[in-house]
Protein chains: 4
Amino acid sequence: MPKRDREATRARLLEAARLRFAREGYDATSVRDIAKDSGVDATLIFRYFGSKKRLFDEATAAHAPPGLLDGPAEELVARMVRAVVLHDWTEYGGEHPLVAMLRSSAHEDTRQRIREEVCDTYVTALRDLAGGEKTEDAELRAELLSAWLVGIGILRSVVATPELAKAEAGDLAPHVAAVATALLGRPMSGLPKDGGSEG
Amino acid sequence: MPKRDREATRARLLEAARLRFAREGYDATSVRDIAKDSGVDATLIFRYFGSKKRLFDEATAAHAPPGLLDGPAEELVARMVRAVVLHDWTEYGGEHPLVAMLRSSAHEDTRQRIREEVCDTYVTALRDLAGGEKTEDAELRAELLSAWLVGIGILRSVVATPELAKAEAGDLAPHVAAVATALLGRPMSGLPKDGGSEG
Amino acid sequence: MPKRDREATRARLLEAARLRFAREGYDATSVRDIAKDSGVDATLIFRYFGSKKRLFDEATAAHAPPGLLDGPAEELVARMVRAVVLHDWTEYGGEHPLVAMLRSSAHEDTRQRIREEVCDTYVTALRDLAGGEKTEDAELRAELLSAWLVGIGILRSVVATPELAKAEAGDLAPHVAAVATALLGRPMSGLPKDGGSEG
Amino acid sequence: MPKRDREATRARLLEAARLRFAREGYDATSVRDIAKDSGVDATLIFRYFGSKKRLFDEATAAHAPPGLLDGPAEELVARMVRAVVLHDWTEYGGEHPLVAMLRSSAHEDTRQRIREEVCDTYVTALRDLAGGEKTEDAELRAELLSAWLVGIGILRSVVATPELAKAEAGDLAPHVAAVATALLGRPMSGLPKDGGSEG
DNA sequence: CATGAATGAGGGTTCATTCAT
DNA sequence: GATGAATGAACCCTCATTCAT
């Protein structure tokens, strides 16, 4: 681990920030906490990121799991569930980043960021499956399905209800397929046997 | 009326606290904010409640809408959706209290409080409908449906996706009925024509 | 000296601020310095004044010596010299407040404040003596005389040139009278025998 | 040309420092400001000058306009006024360096520097004109005249009173001659028709 | 020799909370 | 019992300066 390495230091700050901001939210996290966690002087946060706010923005920049939108259309919902249930979000404290960001949703900026990622990534893709704009209330049904995914993420990690907290992707497969098929008006498959390329 | 002043002051503090905590979250709310909002000296918060934390606990004490669990079983889900969509949560800044509390979920205490209300009120009632403990994965299916309700609440107010934000209970009725029926394995009705006894 | 006395505490803060700001200037003075000097907690600065800047503004609020503009017109210049030379400016570190404020003249706000007091109090009164607006270049001559007063104040305290630093009002009397008479185009008297009501 | 780079870099740092220190004062100027202005790494300030303080000292080293003390004695005061009013002090932000240094007069070192230049250059020369040490109060009268010059500089640039701010040397000529003659006890001329050898 | 990463002290300011009055 | 003055810790951030590379 080389000292005096700009990129390495930046990365360590980002890593610590990601974890703290996810677990404790923006307000409950101090720059000194992040500095201590990463073993880096707090001043460097301002040198490299300018402000606590900008560090937050960069640390929580949206990262949909790669490949989420690629692959067979009928498996899209299954891939989304896997993103919530299976994907390795250790970097974000074990939660889907969107769920973690809710903890900072007291600030309108954060709400805006959540809104953009939910709409651009999830709702948009699901709306296309639901028949696009030509179909009556495709948007609403896409939002309802997105709401379900978000809700599952919250009950799993924030609320930690007993069954969802320990559920694996396979446990949810039949229910997912049934509900998605009902909402989108077209057959959706469950989850493939293996976890695919997911971590 | 010196006797009732104490109660009136307490009530005003609680009211202001409820609104602030819901809108801005625990950390972003200062006791001085609450004092100013309610026109009361900040010291009284400590006299009456002991600490900011205890004021928060009391202000956000769970309040399921009255009558939520009463009435025909097949309309339970419809009543729950109405609790999220229709009920007048002005006191809590316009959001379902559970959704508002997510903003303060940086603290484990708050998570515990959310967990209890979600499980005790929503999951429990839905599990009974899904067949009780004797039925395979009734708990999981109840949690999945609860997750959906929570998710709808979040997308409506926090994320404010376009269609859900403006949806009324009637818009969601058919979808609700279809999904609930599928998940619970028994027919659930949509919403009655009128808003029922909801405020 | 009563504790927990709002006005007394405010006054002590103002006194300490006046001295520090005068001696060291705005930037070199920290709120903690002022707090330590006055034996008051630094937080109270913000409670009572809102910000360091507003404390500065209040501490350096212009105070022309009372009676400066009252009395025989031909003695006005003499009174002004006395204000610079004799008046007890201990509160401001021994200098005329305007001179002290030059130490903070890096900030445009302060320059504006100096400008207003110089123009409103000194230049205006002298311009009237020089013949008012109807006389050719009365304004210029009034400004030139004001410049002289300011310059005397600076050489006395900031630069501390040997003779001016120790000069008393009587030492300057003949020169003052001569120059003022020449500049204003009307006879100005020197200083009265005694120091009058000045401290 | 690696040999001259060092000198060129030093010169650029000095130039930027001169401007910043003059305009904003010592405390409000950061070494990073100077480094940025000159396009030079901030570390070089410490390599070349040792500290911010020593850079300040070097950047504000006294520079009486060349030729100030040469020429006919009866024109000395006129030349001094020209130094304040006409000389191109762009390097110092447009003000006479002594005036600019008042902005940093919170520090005794700076006051000492101002004192030396005022005494050695201005007061000394004027005292000789006033009759030298053998004449009663020649020193005082020399200081009074110096005070006037300093005061004019301040009202022109810091305070920016309307007439002095726009005055040119010619506007001040008659008043200068009259006052100087009165104070020094010997005839002083106004300004020559042209600007003379001034830059 | 020059770059820039690192440092530690201190800046103004706000916080929840306590204690006189 | 109610008011508000006082407190001290902590906040984000900037500073002049040093030390590896």
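Everything numeric here is computed off the predicted structure, so don't read it as measured data. So you know, we letter chains A, B, ... as the sequences are listed, proteins then strands, and number each from 1.
Between B/Arg47 and C/Gly39, the residue whose closest nucleotide on DNA chain F is further toward the 5' end is B/Arg47. The 5' end of DNA chain E is approached more closely, in terms of each residue's nearest nucleotide, by A/Thr43 than by the other of A/Thr43 and C/Tyr26. Summary of the strand contacts: D/Asp27 and C/Arg6 both lie near DNA chain F, and taking for each the nucleotide with the nearest heavy atom, the more 5' one is attributed to C/Arg6.
For E/dG12, the base has no donor-acceptor partner in the side chain of C/Ser51 [N/O atoms by modelled type, under 3.5 angstrom]. For E/dG11, the base has no donor-acceptor partner in the side chain of C/Ser30 [N/O atoms by modelled type, under 3.5 angstrom]. Donor-acceptor pairing under 3.5 Å, judged by distance alone, is present between the side chain of C/Arg32 and the base of E/dG12.
A/Arg111 and A/Ser105 are not linked by any side-chain donor-acceptor pair at a separation below 3.5 angstrom, with hydrogens and angles left out of the test. For C/Thr60 and C/Arg113, the side-chain atoms include at least one donor-acceptor pair closer than 3.5 Å.
In this structure, A/Lys36 places its NZ atom 12 Å from P of F/dC12, rounding to the nearest Å. We find that NZ of C/Lys53 is positioned 14 Å from C1' of E/dG12, with the value rounded to whole Å. What separates CD1 of D/Ile45 from C1' of F/dA16 is a distance of 10 Å, to the nearest Å. Rounded to whole angstrom, the span from the CZ atom of A/Phe21 across to the C1' atom of F/dC12 amounts to 11 Å. Atom-to-atom, CG of A/Leu44 to P of F/dT17 comes out at 19 Å; the value is rounded to the nearest Å. Across the protein-nucleic acid pair, C/Glu7 atom CD and E/dT21 atom C1' stand 17 Å apart, rounded to whole Å. Separating the CG atom of A/Asp41 from the C1' atom of F/dC13 is a distance of 12 Å, rounded to the nearest angstrom. In this structure, CZ of B/Arg20 is placed 11 Å from P of E/dA16, rounded to the nearest angstrom.
Here the side chain of C/Arg103 pairs no donor or acceptor atom with the backbone of C/Glu24 at under 3.5 angstrom.
Here E/dA6 is the nucleotide among E/dA6, F/dC13, F/dA6 with the atom lying nearest to any side-chain atom of A/Tyr48.
C/Lys52 forms no cation-pi arrangement with C/Phe21, by the criterion of a distance under 6.0 Å to the ring centre and an angle within 45° of the ring axis.
Among the heavy atoms of the strands lying under 4.0 Å from A/Val31 are primed sugar atoms or P, OP1, OP2 only; no base atom is included. The residue A/Phe49 sits apart from the nucleic acid: no heavy atom pair falls under 4.0 Å.
Pair check for E/dA20 finds F/dT3; Watson-Crick or G-U wobble, both atom distances under 3.5 Å.
When side chains are defined from C-beta on, C/Arg12 does not count as touching C/Asp37, because their heavy atoms never get closer than 4.5 Å.
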